[in-house]
Peer 1: 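So that we are looking at the same thing, I have put the structure below in structure tokens.
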Amino acid sequence: MSQLLLEIFSEEIPARMQQGAARDLERMASDRLKAAGLTWDALTTYAGPRRLTLVIDGLPAATPDRNEELKGPKTSAPAQALEGFLRKTGLTQDQLVERDGVWFAEISSKGRATTEVVAESVDDIIRHFPWPKSMRWGTGTLRWVRPIKRILALFDGAVIPFEVDGIQSGDVTEGHRFMGAGQPFAVKDFADYRQKLERNFVLLDAADRKLRILEGAKAVCAAKGLALVDDDGLLDEVSGLAEWPTPILGDMDPQFLALPPEVVQLSMKVHQKYFAVREPGKEGLAPHFVVVANVEATDGGAALAAGNAKVLSARLSDAEFFWTEDQKVGFDAWNARLKDVTFHAKLGTLAERVDRIAALAREIAPLVGADPAQAEQAARLSKADLASGMVGEFPELQGIMGGYYARLAGQPDAVADAIRDHYKPQGPGDTVPTAPVTVAVAMAEKLDTLVGFFAIDEKPTGSKDPYALRRAALGVIRLVLENGVRMPLRPVLSNPMMAWLFQLDNKFTSAFGANLASGGFEVATSRLVTSPGAKWVLGYQQATDVGPEEIDARLMFIAQNSTSVWLGAHYSRSGDMPFERPDWLVAGNNRAVNDLLAFFADRLTVLLRDQGQRHDLVAAVFALGDDDLVRIVRQVEALAAFLATDDGANLLAGYKRAAQLLKAEEKKGPLPEGAVATGLPNQPAEEVALANAATAAAAAVDAALEAEDFAAAMTALAALRGPVDAFFTAVMVNSDVAEERENRLKLLVQVRGVMNRVADFGQIAG
């Protein structure tokens, strides 16, 4: 077994693209080599500022010989089918084998040299590499993220000869641009390659570069009694900027510490790629920074530190200007500007969005223990900083700057904190607010997003989620669960959804009706029907003496040239529509809210699955129609614990058997209803015992569910395990006596009903 070493050496690769490129190289190489029939022991890729590297250990010298049998058409098939099969296999009819009236092709092929396969694969990989952005250079046609300078390709220490767009493969690479030996050097295998690169001041592995940055930065800080402010995102980025990273401590003008620390740190990070520094045991930042150079300076980095300090001062002076000017403007002026900022063409302006969030926050506030007036006030100020100069320069500071400006304006701490944190949580790793006012505003902000986009049918599809609705739903779920908020979702979603559908209907009626009038039509009163999916039905009256074809043409022209609130139309020539406004509004609202609740169920399933819960248990509990997330999660946890016991597993098996019998009977007709008899002649004791156990379990389950004691509900179900097992062992359900059969079916219906009060056991795997 041999080793393959491949390096594609180019000009500087943007840091943000490097790790993705390493993954793409691994995927593309694996796919192509596997397709050729090759296997290996280990495959590793590396990415750095100027090179992508691939090393594969344990490759065979050649692909295996192949003996393949392909099944063809029947011997009685039309001639065209046989001709197509022959073209596919490259054989003639006399080379086929006939067995049981079917043609078979036996194809044998000799293995190919691995070097030949690799050469073809590398050429294909380079020509089809999925860079987010690429370029051409010189007179060639090849595209790459930056001009390729060299291709190193070795197999078992020997060069694999090939060329890509005039670039010849070889065994030569280069070290550090400034600190290296100054000349390219040859390598013989991966160990030699890595060793010589380090000798020439290149760390191949991004993990090694990160470690060098982190240890060096902490060391230069510790030498001055300081501590590094951790920033994993910046560490990832900087590790892709330098082949031989060397942290240097620089000094910052202390006057800039009067700025909010987030402003200073973000200005360092975004514009200069500097790490912030703090004094141990103290809040805020220290007047220093750490810059990561790509060289080891002879003066210890003094000149580099001084130069970078000047650049940082210029950047922070800009931030200081925005900070000062913003305080002269204030919230009223910012909120006024939001009237001219479109949130979404179909969902109005940011000012209208703020009004909706404020109303919803006031409604949610009592449910989370917040003051309604403070929740509404915080919501009305929550988006104002989007019009500020600082957030215009640093969009990442939205909310944060609003919190600072609110405190300076004399707003209560609860309001300022809510403005600062109302976007949280923004991802699975983000912290969840716990302050009641913040929870109310954060929840209202996310619910408005979800309700609005579901109202206009902009739901996530597949992997596409352009408006981050999955993240918004997960944010609501985490706010509810981690704060223990007892808030049924349906009523909270229903009111704003109803308002949205009504508002969209009015906007559409007004805009489309005006265009119809200009086209010679009159809209019949209250004939516009809205439904989820943003589909519209329009009844109209013909006001001009024209034919049906011209009516259709005019309507389509008007529809296509209507205002931005146009969402698509299905129209009817009938002036009589089957709906009145209240009916369609309620029906449309219910459908849209049900869609949104199903979306929450899906997101909750994902969250709980990540925490180790089974997805089918979430579906089984959600099927009961409950919309209290806290209660649902507690019920899922209790159900999981119950099914992990012998009683739970065996009772589930009994349920499945009962459900299967009932399903078969339902195909014949309606199942019998009514009370189960316990005094029939010759009635088996096991049947009576199960009837009594089911009645007792029903009462116990109802009481436990009312008290939300789900462990007790499961204990009540566990009491059914023995009687169910005994019943199926001793009793034949499909008795020849009609009265007995009917009574036993009633009993199974009763048992199924008792269990389904806790969860829909039919949705549980097992």
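Since the model is a prediction, treat every value here as computed from it, not as a measurement.
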Peer 1: Applying salt bridge (Lys or Arg N to Asp or Glu O under 4.0 Å) to Asp430 and Arg471, what does each step give before you reach the verdict?
Peer 2: CA-CA 11 Å; Asp430 198 8; Arg471 187 175 69 185; over 6 Å; no
Peer 1: Which heavy-atom pair separates Val117 from Ala36 by the least distance, and what is that distance?
Peer 2: CG1-CB, 3.6 Å
Peer 1: Anything under 3.5 Å between a donor and an acceptor, one on a side chain of residues 14-23, the other on a protein residue two or more places apart or in another chain? List them.
Peer 2:
from	atom 1	to	atom 2	distance (Å)
Gln18	NE2	Ile13	O	3.0
Gln18	NE2	Gly240	O	2.6

Peer 1: Would you say that Asp421 contacts Thr431 through its side chain, given a criterion of any heavy-atom pair below 4.5 Å between the two side chains?
Peer 2: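 Contact flag for Asp421/Thr431 side chains = no.
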Peer 1: Report, as yes or no, whether the 6.0 Å neighbourhood of atom NE2 on His615 holds more than 12 heavy atoms from other residues, nucleotides or ligands.
Peer 2: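 Open: at most 12 neighbouring heavy atoms sit under 6.0 Å from NE2 of His615.
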Peer 1: Name the atoms and distances for all side-chain donor-acceptor pairs under 3.5 Å in residues 315-322, with sequence neighbours left out.
Peer 2:
from	atom 1	to	atom 2	distance (Å)
Arg315	NE	Gln272	OE1	3.2
Ser317	OG	Ser313	O	2.8

Peer 1: To the closest 0.5 Å, what do you measure between CD (Glu296) and CZ (Phe178)?
Peer 2: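 Spacing of CD (Glu296) from CZ (Phe178) equals 14.5 Å.
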Peer 1: Any chance CD of Glu69 has more than 12 other-residue heavy atoms, nucleotides or ligands included, within less than 6.0 Å?
Peer 2: yes
Peer 1: Over 60° means perpendicular and under 30° means parallel, so classify the ring planes of His176 and Phe201, tilted if in between.
Peer 2: perpendicular
Peer 1: Once you round to the nearest 0.5 Å, how far does CD of Glu445 lie from CG of Leu479?
Peer 2: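 The CG atom of Leu479 is 10.5 Å from CD of Glu445, to the nearest 0.5 Å.
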Peer 1: Indicate yes or no for a side-chain donor-acceptor contact from Thr114 to the backbone of Ala61 under 3.5 Å, with no hydrogens or angles considered.
Peer 2: yes
Peer 1: Between CZ of Arg112 and CG of Leu38, what distance do you get to the nearest 0.5 Å?
Peer 2: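 It comes to 9.5 Å.
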Peer 1: Are the side chain of Glu279 and the backbone N or O of Lys282 linked by a donor-acceptor pair below 3.5 Å?
Peer 2: no
Peer 1: Answer yes or no: is there a side-chain heavy-atom contact under 4.5 Å between Phe129 and Met28?
Peer 2: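 They are in side-chain contact.
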Peer 1: Could you check whether any side-chain N or O of Lys464 sits under 3.5 Å from a backbone N or O of Lys459, counting only pairs where one atom can act as donor and the other as acceptor?
Peer 2: no
Peer 1: Trp244 ring centre to Arg212 NZ or CZ under 6.0 Å, with the angle to the axis within 45°?
Peer 2: yes
Peer 1: State whether the side chain of Asp616 and the backbone N or O of Ala765 hold a donor-acceptor pair below 3.5 Å, judged by distance alone.
Peer 2: yes
Peer 1: I'd like to know if Asp123 pairs up with Arg127 as an ion pair, taking the criterion as any Lys NZ or Arg NE/NH1/NH2 lying under 4.0 Å from an Asp or Glu carboxylate oxygen.
Peer 2: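 Arg127 and Asp123: salt-bridged.
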Peer 1: Drop me the distance from Lys424's NZ to Arg478's CZ, to the nearest 0.5 angstrom.
Peer 2: 10.0 Å
Peer 1: List the steps and the verdict of salt bridge (Lys or Arg N to Asp or Glu O under 4.0 Å) for Lys188 and Asp171.
Peer 2: CA-CA 7 Å; Lys188 58 184 179 181; Asp171 61 354; over 6 Å; no
Peer 1: Quick one: are Ile148 and Phe9 in side-chain contact, heavy atoms under 4.5 Å?
Peer 2: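 The answer is no, as the side chains (C-beta and beyond) never meet within the 4.5 Å cut-off.
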Peer 1: Kindly determine whether Lys210 and Val238 satisfy side chain to side chain contact (heavy atoms under 4.5 Å, CB included), including the steps that lead there.
Peer 2: CA-CA 8 Å; Lys210 287 182 188 179; Val238 173; over 6 Å; no
Peer 1: Any non-hydrogen side-chain atom of Phe599 less than 4.5 Å from a side-chain atom of Pro460?
Peer 2: yes
Peer 1: Could you check whether atom CD of Gln611 has more than 12 heavy atoms from other residues, nucleotides or ligands sitting under 6.0 Å from it?
Peer 2: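 Buried by this count: over 12 neighbours within 6.0 Å.
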Peer 1: On the 0 to 90° scale, with breaks at 30° and 60°, tag the Trp131-Trp144 ring pair as parallel, tilted or perpendicular.
Peer 2: perpendicular
Peer 1: A side-chain contact here means heavy atoms from C-beta on lying under 4.5 Å apart; do Tyr274 and Val290 qualify?
Peer 2: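 Tyr274 vs Val290: side chains apart.
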Peer 1: Does any non-hydrogen side-chain atom of Ser169 lie less than 4.5 Å from one of Leu152?
Peer 2: no
Peer 1: Do any N or O atoms from the side chain of Asp57 and from the backbone of Asp41 form a donor-acceptor pair under 3.5 angstrom?
Peer 2: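 No; judged by distance alone, with no hydrogens or angles, the pair does not exist.
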Peer 1: Salt bridge or not between Asp192 and Arg199? Use side-chain N to carboxylate O under 4.0 Å.
Peer 2: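 Not counted as a salt bridge, because no side-chain N and carboxylate O are separated by less than 4.0 Å.
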Peer 1: What is the minimum heavy-atom distance between Gln265 and Ala276, and which atoms define it?
Peer 2: CG-CB, 4.0 Å
Peer 1: Hey, mind stepping through Glu237 and Lys273 against salt bridge (Lys or Arg N to Asp or Glu O under 4.0 Å) and telling me if it holds?
Peer 2: CA-CA 8 Å; Glu237 184 174 8; Lys273 315 304 178 192; 3.0 Å; yes
Peer 1: When you compare the side chain of Leu607 with that of Leu481, does any pair of heavy atoms fall below 4.5 Å?
Peer 2: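 Of all side-chain heavy-atom pairs linking Leu607 with Leu481, at least one is under 4.5 Å.
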Peer 1: Answer yes or no: is there a donor N or O on one side and an acceptor on the other, between the side chain of Ser267 and the main chain of Val263, under 3.5 Å?
Peer 2: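 Checked: no pair found.
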Peer 1: Nearest 0.5 Å, what's the CG-OG distance between Leu142 and Ser134?
Peer 2: 9.0 Å
Peer 1: For the backbone of Asn294 and the side chain of Thr246, can you confirm whether one donor and one acceptor N or O come within less than 3.5 Å of each other?
Peer 2: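 Side chain of Thr246 to backbone of Asn294, a donor-acceptor pair under 3.5 Å: no, none is there.
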Peer 1: Under the rule for side chain to side chain donor-acceptor pair (under 3.5 Å), what residues qualify as partners of Asp124, not counting sequence neighbours?
Peer 2: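 With neighbours one apart ignored, the set is Arg32, His128.
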Peer 1: Would you check if the side chain of Asp231 reaches a backbone N or O of Leu234 as a donor-acceptor pair within less than 3.5 Å?
Peer 2: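 Answer holds: yes.
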Peer 1: Quick one, Val172 with Arg150, criterion side chain to side chain contact (heavy atoms under 4.5 Å, CB included). Give me CA distance, side-chain angles, the key distance, then yes/no.
Peer 2: CA-CA 8 Å; Val172 173; Arg150 298 179 183 278; 3.8 Å; yes
Peer 1: So, taking the atom named CG in Asp156 and the one named OG in Ser2, what distance separates them when rounded to the nearest 0.5 Å?
Peer 2: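 Reported to 0.5 Å precision, the distance equals 3.5 Å.
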Peer 1: Quick check against the 3.5 Å criterion: does Asp189 have a side-chain atom that pairs as donor or acceptor with the backbone of Gly157?
Peer 2: no
Peer 1: Before you tell me yes or no, could you show the steps for Arg614 and Leu617 under side chain to side chain contact (heavy atoms under 4.5 Å, CB included), namely the whole-Å CA-CA distance, both residues' side-chain angles and the distance that decides it to 0.1 Å?
Peer 2: CA-CA 6 Å; Arg614 289 164 44 182; Leu617 302 190; 3.9 Å; yes
Peer 1: Would you be so kind as to tabulate the donor-acceptor pairs closer than 3.5 Å made by side chains of residues 249-262, with sequence neighbours excluded?
Peer 2:
from	atom 1	to	atom 2	distance (Å)
Asp251	OD1	His288	ND1	2.8
Asp253	OD1	Gln255	N	3.1
Glu262	OE1	Tyr404	OH	2.6
Glu262	OE2	Tyr404	OH	3.4

Peer 1: For a 4.5 angstrom cut-off between non-hydrogen side-chain atoms, does Leu154 reach Phe190?
Peer 2: no
Peer 1: Just do the side chain to side chain contact (heavy atoms under 4.5 Å, CB included) check on Ile151 and Phe162 with the steps written out, would you?
Peer 2: CA-CA 10 Å; Ile151 299 175; Phe162 63 89; 3.9 Å; yes
Peer 1: Can you name the closest pair of heavy atoms from Leu629 and Val480 and give their distance?
Peer 2: CB-CG1, 3.9 Å
Peer 1: Would you check if the side chain of Lys71 reaches a backbone N or O of Ala105 as a donor-acceptor pair within less than 3.5 Å?
Peer 2: no
Peer 1: Hey, can you pull the donor-acceptor pairs under 3.5 Å for the side chains in residues 393-402, sequence neighbours left out?
Peer 2:
from	atom 1	to	atom 2	distance (Å)
Gln398	OE1	Tyr423	OH	3.0
Gln398	NE2	Pro395	O	3.0

Peer 1: Show me the donor-acceptor pairs within less than 3.5 Å that the side chains of residues 47-56 make with the rest of the protein, sequence neighbours left out.
Peer 2:
from	atom 1	to	atom 2	distance (Å)
Arg50	NH2	Gly175	O	2.6
Arg51	NH1	Glu7	OE2	3.0
Arg51	NH1	Thr173	OG1	3.2
Arg51	NH1	Glu174	O	3.0
Arg51	NH2	Glu174	O	3.0
Arg51	NH2	Glu243	OE2	3.1
Thr53	OG1	Tyr193	OH	2.8

